[in-house]
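All ligand and atom numbering here is 1-based and tracks the order in the structure.
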Amino acid sequence: MAKTTLLGGPQKEVTCFNRIRRIFYVRQGTIIKTLLFALICCIISLCCFSYYVSTTHFNTVARNPPEPTIKCRLHNTVHKSNINHTPHNHVSSASLRIDNKVLLLVETQYSKLGQSIIGILEANRIQYKMDIAGKSLPYLTHLDKGKFGVIIFERLKSYTSLDKWNRQLLDKYCREYNVGIIAFSGGEPDVPYVTEVQGFPLKLYNNLAVKDYELNPQSEILRVTRAGEILYGDIPGDDWTVFEPEHATYRPLAYAKTQTAKRFQNITDGYQEHAYTTVIHDTGKYDDINRVLFGNGFQCWVHILLFLDALSFLSHGKFSITLERNILIDIDDIFVGKVGTRMKPADVKALIDSQDRLRRSIPGFHFNLGFSGKYYHRGNDEEDAGDDMLLAYKDAFWWFGHMYSHEQAAKLNQTQLHREMTENVKFAKEKGIKAFTGYAVAPHHSGVYPVHEELYDAWKKVWGVKVTSTEEYPHLRPARYRRGFIHRGIKVLPRQTCGLFTHTIFIDKYPGGRSRLENSIRGGELFQTLLFNPFSVFMTHLSNYGNDRLALYTFESAVKFTQCWTNLDLQSLPPMQFANKYFEMFPEDEDPIWQNPCDDERHLAIWSKNKTCNRLPRFLVIGPQKTGTTALYTFLAMHPAILSNYQSKTTFEEVQFFNGNNYYKGLDWYMEFFPLPPNTTSNFLFEKSANYFDSELAPMRAYALLPQAKLICIIIHPAKRAYSWYQHMRAHGDQTAMTYTFYEVVTAGQDAPRNLQELRERCLKPGLYSTHLERWLEFYKPKQLMILDGEALKGDPVSLMSKVEKFIHIEPRFDYNQSLRYNPKKGFYCQLVQGDRTKCLGRSKGRVYPPMELKAEKFLKLFYRRHLVALSKLLLRLGTTPIPDWLQEELSEFL
Ligand SMILES: Nc1ncnc2c1ncn2[C@@H]1O[C@H](COP(=O)(O)OS(=O)(=O)O)[C@@H](OP(=O)(O)O)[C@H]1O
């Protein structure tokens with residue numbers, strides 16, 4: 001046996017064993033240490049790696065996207081039973097004699113709360129008149145009709161301290177026309193803790209901080225607002241007022257607990273456990289006037305809801321906003337996106353699941369996917385699998401065509417646009433995507449507005465597009481002014497911003513921090529976008545659905561939050577139906593209003609490089625017809641630095657853009673009428689269209705495009721003008737003018753044949769000078785308007801032209817003395833051409849016709865009497881034009 005070997009084997013064996021054991025134990029310790037060391041290293045490097053991964057935007061490691069957590073308290077049955085969730089309908093059966101306008105009385109025109117009120121009114125398209133409180137009230141009635149449906153005081157104090165006379169006037173108005181009052185308290189650090197409201201059985205506790213905001217579910221004012229939730233925690237501001245009623249006329253609308261219990265306790269012991277009234281409804285039992293008083297402005301977003309409901313209630317439904325909310329979510333850049341930021345199969349799965357959940361709140365909801373086929377399979381393997389998964393589930397979504405290469409449309413010409421779109425169509429067909437939905441959007445909004453006509457052409461031809469959307473019309477900011485319009489049969493919807501951009505892909509990297517996104521969802525910007533817009537088309541990108549899937553989190557949370565706090569009825573429709581519904585609700589949006597793309601840097605950036613704003617006029621001769629406008633146009637065009645428009649073949653040489661249907665042809669069409677000036681500073685482009693003067697729309701449209709332009713108009717005696725028009729029509733063989741005498745035309749009554757009435761209108765209406773001038777002055781400043789006397793143009797055009805040159809600030813001056821000569825045959829000045837030869841206007845100007853019948857003259861004198869008085873007043877007010885001789889003469893006869 002080995003134990004008894006000669007060499008003392010067993011002993012050795014033992015020793016050897018022990019040594020091995022010792023060595024083993026020693027080594028075991030080292031191995032453990034080594035292993036431990038390795039483990040620690042692993043953990044450290046893992047930590048470093050995950051830190052790196054979480055701080056870089058372009059990782060490919062799966063994260064746990066945030067889960068929506070908002071749950072409605074009212075969904076608990078306990079609360080459900082107490083609360084009536086049918087929104088109140090405030091529409092009254094009483095025949096109300098009040099206009100759809102709010103009177104807003106502010107402290108100063110810049111005061112903060114006043115500006116917030118205006119913001120809410122404008123966002124909800126509620127008309128208002130703003131005035132400064134404290135002076136006398138503006139006229140409240142007009143022809144036995146109330147001018148205002150609700151009166152708002154920015155400060156309760158300004159209302160309660162109105163002087164006796166104004167207060168009585170206002171009370172009488174409110175009672176007689178059933179008009180209610182909204183007023184805001186709070187925000188006044190100097191007031192004592194307790195104040196009595198002068199003349200009201202109401203006590204105020206001031207300068208408090210409140211928490212845990214709650215609504216009174218029994219209030220009949222609630223309509224958009226849904227009671228049942230509690231806004232837990234501290235509410236911003238330490239300048240709240242709470243109300244303590246001393247009469248049964250008051251009903252609470254909202255309550256909160258006080259944060260500053262101690263301070264409050266000084267006044268009334270034991271109160272701190274109670275909820276105090278922060279918004280109160282005076283039901284009119286005390287003095288027959290309904291009021292809603294707010295204990296603070298809009299520091300608490302719930303007040304926005306309550307303010308809208310108060311407006312609706314107090315106006316008997318006149319200012320009720322619709323409860324319908326249509327939502328469309330575009331995912332604009334399908335297949336576009338940097339490697340590492342694109343959707344993977346799990347993201348697509350999450351998208352489908354989220355869509356299913358959203359559909360429970362928004363019936364018919366589909367994500368609307370806009371694709372650029374060129375970038376299909378341009379990600380990493382996992383992202384390419386994501387692309388395939390999107391296509392595998394293609395029928396679960398709505399689709400629309402983007403640009404094949406995601407190019408800015410305005411940078412492409414007609415051929416390139418066709419190619420881009422055709423490629424995308426080919427891709428859609430290959431992949432079986434049903435993308436002919438009549439909807440498309442353009443990358444970067446480029447070409448939609450400012451309009452790139454070539455894009456509209458290509459869209460119509462290649463995709464049959466009828467609907468698109470942009471957030472750029474009329475401008476990105478302020479968002480509340482965004483509108484839709486229709487151009488060449490394509491309905492352009494306004495798009496809203498949801499706060500997600502291509503780079504906002506991780507919640508902890510959200511600009512301004514996670515709390516900013518949360519605030520936007522919970523009562524902030526995103527919530528208010530949903531609240532204020534009956535139609536919201538949101539723009540998102542592929543990257544918002546990969547990574548942290550922030551878009552899913554955002555929309556699901558926003559929808560849930562909206563359902564918790566409002567009675568809004570969320571809906572969704574395919575884009576074409578969506579657009580039809582939009583323009584049914586807002587038909588006034590159909591007409592576009594063109595603005596100068598160079599006045600907005602963003603617009604300039606997405607406008608065609610080949611287009612220039614230098615082809616726009618610096619001044620306009622606006623008419624009216626038959627006052628000498630052609631002569632003025634000719635004289636102006638003689639000036640070497642003044643360039644007129646090219647003559648139109650269709651509209652009697654004039655462009656006639658701002659007044660009629662030519663306006664719908666768009667800005668490019670208008671600019672084509674002007675040459676590119678050789679020197680953009682010293683050259684002056686202008687155009688003359690004599691029927692701009694009396695057009696209802698021309699002043700607003702002209703101002704929108706040319707706010708800095710100068711305007712020139714000419715006036716002669718309106719009776720003379722009317723007769724000249726009648727003769728003009730006869731010279732053109734107009735049947736009506738040939739059939740009826742001038743007297744018959746101007747005296748035609750309401751039951752006269754339509755053509756006769758129309759001719760009467762064209763004879764008489766342009767001569768209502770003051771009415772039309774006032775309309776221009778609603779937009780342009782008086783210093784931008786020059787009113788010329790047509791008789792002076794006839795009698796002394798040289799000095800008149802010198803005044804015109806001065807008015808438009810043109811240098812160097814032109815010597816009209818050398819270029820105009822009186823033509824005795826014509827009876828006015830004409831252009832001197834060669835030697836002593838003159839070139840007069842065509843045969844149609846300065847015709848010889850019989851003098852006006854005396855009875856017509858008498859009739860017109862009477863007809864125009866009050867209008868000429870108004871004109872003289874206007875001229876005196878402006879102080880820029882002396883009263884013409886013919887007007888002085890006319891006025892002197894009145895006595
Ligand atoms: N040089 C000059 N100075 C002043 N007035 C002039 C001049 N030339 C023409 N006329 C008179 O202008 C009348 C035509 O006006 P309009 O050019 O404005 O007519 S239009 O609206 O463009 O058709 C036209 O009126 P009628 O004479 O009634 O036709 C002209 O008398």
Tell me whether D457 is salt-bridged to R488, with the criterion being a basic N under 4.0 Å from an acidic carboxylate O.
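R488 and D457: salt-bridged.
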
Salt-bridge test for R877 and E774: reply yes if a basic N is under 4.0 Å from a carboxylate O, no otherwise.
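Yes, charged N to carboxylate O under 4.0 Å.
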
Quick check on side-chain hydrogen bond (donor to acceptor under 3.5 Å, both in side chains): which of T468, D589, N580 does K491 satisfy it with?
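Testing K491 for a side-chain hydrogen bond (donor to acceptor under 3.5 Å, both in side chains) against T468, D589, N580 leaves exactly one candidate, N580.
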
Hey, are E890 and Y864 close enough side-chain-wise for a donor-acceptor pair under 3.5 Å?
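Side chains of Y864 and E890: no pair found under 3.5 Å.
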
With under 30° as parallel and over 60° as perpendicular, where do the rings of H728 and W725 fit, or are they tilted in between?
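Parallel, since the angle between the ring planes stays under 30°.
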
Ligand 1: protein residues within heavy-atom distance under 4.0 Å:
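Near ligand 1, by chain and number: Q625, K626, T627, G628, T629, T630, A631, F635, K688, S724, L793, K794, F828, Y829, L841, S844, K845, G846, R847, Y849.
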
Test the R730-Y849 pair against the cation-pi criterion, namely NZ or CZ under 6.0 angstrom from the six-membered ring centroid and within 45° of the ring axis.
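Ring-cation test returns no.
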
